[in-house]
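All ligand and atom numbering here is 1-based and tracks the order in the structure.
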Amino acid sequence: MPHPSRFADLELSHPIIQAPMAGVSTPALAAAVSNAGGLGSLGIGASTVAQARDMIQATQSLTDRPFNVNVFCHAPAVRDAARESAWLRHLAPLFAEVGATPPFSLNEIYPSFLHDDAALAMLLETRPAVVSFHFGLPDAERLAALREAGIVLMATATNPAEAEAIARAGLDAIVAQGIEAGGHRGMFDPGAADERLSTAVLVRLLVRECTLPVIAAGGIMDGQGVRSMLDLGAVAAQLGTAFILTPESSANANYRAALQSQRAHRTRLTAVLSGRPARGMVNPLIEHGEIDGAPVPADYPVAYDAAKQLHAAEASRQSADYAAQWAGQGAPLARAMPAAELVRTLVAESCGQA
Ligand SMILES: Cc1cc2nc3c(=O)[nH]c(=O)nc-3n(C[C@H](O)[C@H](O)[C@H](O)COP(=O)(O)O)c2cc1C
């Protein structure tokens, strides 16, 4: 291992991490979790640098405890005009249904951290205690700059090869994301073969094969789930879907209602919404995007532009049929309670006290 891990230096009171959730996690949520003794997280992957700075500073004003800031390290989109217009043509009937015309062209709606110097400078200036990476790793120079600023570094792995790359790059912890997980699958190369390992199997493999601390993510909804991951050798559990129904999240009323309905029982890993595999509650856009003979969606995050525009067009009619409502397989187990209470409940359950 190139550097000793500094994960333990965070001195978390509880082995519970609230997952970064771009568009759902907020300063209030991250601070509440950190103040309760876990590790709160912000997802800034889809934010501008100015929005991200504001979120980090707002969180710093709400807690003195460590929190995590997560960025997206995807390969920049491969632009392909023919593929993009075929995708728009395929979505045209859905746009028509909500009284809109499809856009003429699509955009890469946010840059990758791999080439975002302004985002790096902002992180070095605001210095959150932890920075985590999803979809890959930045280059050695960027990693060294963040490490020298005293920032603890973590990254998502969905298989042992990605975990090995994370260890080789000298990070402090590996987030082992199983196939159950809600939101985007953090695989480095979405075109590569995927063994779709469960959280339990992936954690066990990584605990056996890696010397870095392993954080379990995917399908963990209660303290019993946290306990089982600790028993498998994880140092902490990272929960996303479990925190969506907290009042501190920015999930809207439609999303909350869906998560508390029968729809929570049907999640699917699909590239239709954004161009990369991600798990969310099944909706008519996913079903239309996956029908027989459908074209390949535009590349990530270009396809996301189409989905977001479609949802914006329907939103004026108070409809959310086409909204991306990310959720993991454990979605029906999500509970509506304040974030600090959820952390306390998870701790009590994991100790067999609830
Ligand atoms: C709404 C939502 C948004 C997410 N956004 C991010 C993100 O911005 N960055 C990231 O690394 N992971 C993101 N994830 C994935 C989580 O980090 C984590 O892997 C996942 O939530 C674990 O599975 P669970 O939802 O079953 O707990 C997101 C998950 C959800 C549910």
Side-chain angles (χ1 to χ4, degrees), residues 16-26 29-30 33 38-47 51-52 55 68-74 110 112-113 130-137 153-158 162 166 173-188 197-200 202-203 214-223 225-226 228-229 234 236-246 249-252 254-256 258-259 264 267-269 273-274 276-281 300-301 304 323-335 342 346:
I16 291 167
I17 301 177
Q18 165 252 315
M21 293 184 281
V24 171
S25 45
T26 62
L29 177 56
V33 172
L39 183 71
S41 307
L42 297 174
I44 64 165
S47 304
Q51 289 166 338
M55 282 198 285
N68 166 35
V69 176
N70 175 264
V71 295
F72 293 157
C73 294
H74 53 283
Y110 41 77
S112 169
F113 182 73
V130 184
V131 167
S132 66
F133 309 109
H134 207 48
F135 304 141
L137 292 169
L153 302 175
M154 326 197 293
T156 306
T158 61
E162 290 168 354
I166 293 167
I174 301 169
V175 179
Q177 188 196 38
I179 196 71
E180 302 95 322
H184 280 90
R185 190 152 166 75
M187 56 205 302
F188 289 15
L197 298 175
S198 68
T199 305
L202 181 60
V203 164
V214 174
I215 296 159
I220 307 162
M221 300 301 293
D222 47 30
V226 173
S228 69
M229 289 302 145
Q238 176 166 304
L239 292 74
T241 305
F243 281 94
I244 296 175
L245 292 178
T246 60
S249 98
S250 58
N252 63 23
N254 279 320
Y255 195 172
R256 289 172 195 267
L259 201 49
T267 66
R268 197 177 297 168
L269 191 66
L273 295 180
S274 73
R276 253 184 178 268
R279 184 177 296 281
M281 286 179 274
Y300 176 86
Y304 216 174
Q325 294 172 329
W326 306 127
Q329 289 180 334
L333 299 169
R335 296 171 283 192
L342 180 54
L346 293 169

Colleague: Suppose we measure from atom 17 (O) of ligand 1 to each protein heavy atom; which comes out shortest, and what is that distance?
Modeller: Gln238 NE2, 3.1 Å
Colleague: Provide, to 0.1 Å, the distance between atom 21 (O) of ligand 1 and the closest protein heavy atom, together with that atom's residue and name.
Modeller: Gly240 CA, 3.3 Å
Colleague: Does an N or O from Gln329, backbone or side chain, lie closer than 3.5 Å to an N or O of ligand 1?
Modeller: no
Colleague: Out of Gly182, Ala181, Ala176, whose heavy atom is nearest to atom 15 (C) of ligand 1?
Modeller: Gly182
Colleague: Below 4.0 angstrom from a heavy atom of Tyr255, which ligand 1 atoms are there? Numbered from 1 as shown, please.
Modeller: 1 (C)
Colleague: Between Phe135 and Phe72, how do the two ring planes meet: parallel, tilted or perpendicular, split at 30° and 60°?
Modeller: tilted
Colleague: Tell me whether Phe72 reaches ligand 1 (any heavy atom closer than 4.0 angstrom to a ligand atom).
Modeller: yes
Colleague: Of all the heavy atoms in Gly186, does at least one lie under 4.0 Å from an atom in ligand 1?
Modeller: no
Colleague: Ser250 side chain to Val24 main-chain N or O, any donor-acceptor pair under 3.5 Å?
Modeller: yes
Colleague: Just to confirm my output: which protein heavy-atom neighbour is closest to atom 2 (C) of ligand 1, and how far is it?
Modeller: Met21 CG, 3.5 Å
Colleague: Number the atoms of ligand 1 from 1 as they appear, then name those within less than 4.0 Å of a heavy atom of Gly183, with their elements.
Modeller: 28 (C), 29 (C), 30 (C), 31 (C)
Colleague: Is Gly330 near ligand 1, meaning one of its heavy atoms is under 4.0 Å from it?
Modeller: no
Colleague: May I ask you to identify the nearest protein heavy atom to atom 6 (C) of ligand 1, giving residue, atom name and distance to one decimal place in Å?
Modeller: Pro20 O, 2.9 Å
Colleague: What orientation do Tyr110 and Tyr304 show, parallel under 30°, tilted 30 to 60°, or perpendicular over 60°?
Modeller: perpendicular
Colleague: With respect to Val24, determine whether any N or O atom, backbone or side chain, lies less than 3.5 Å from an N or O atom of ligand 1.
Modeller: no
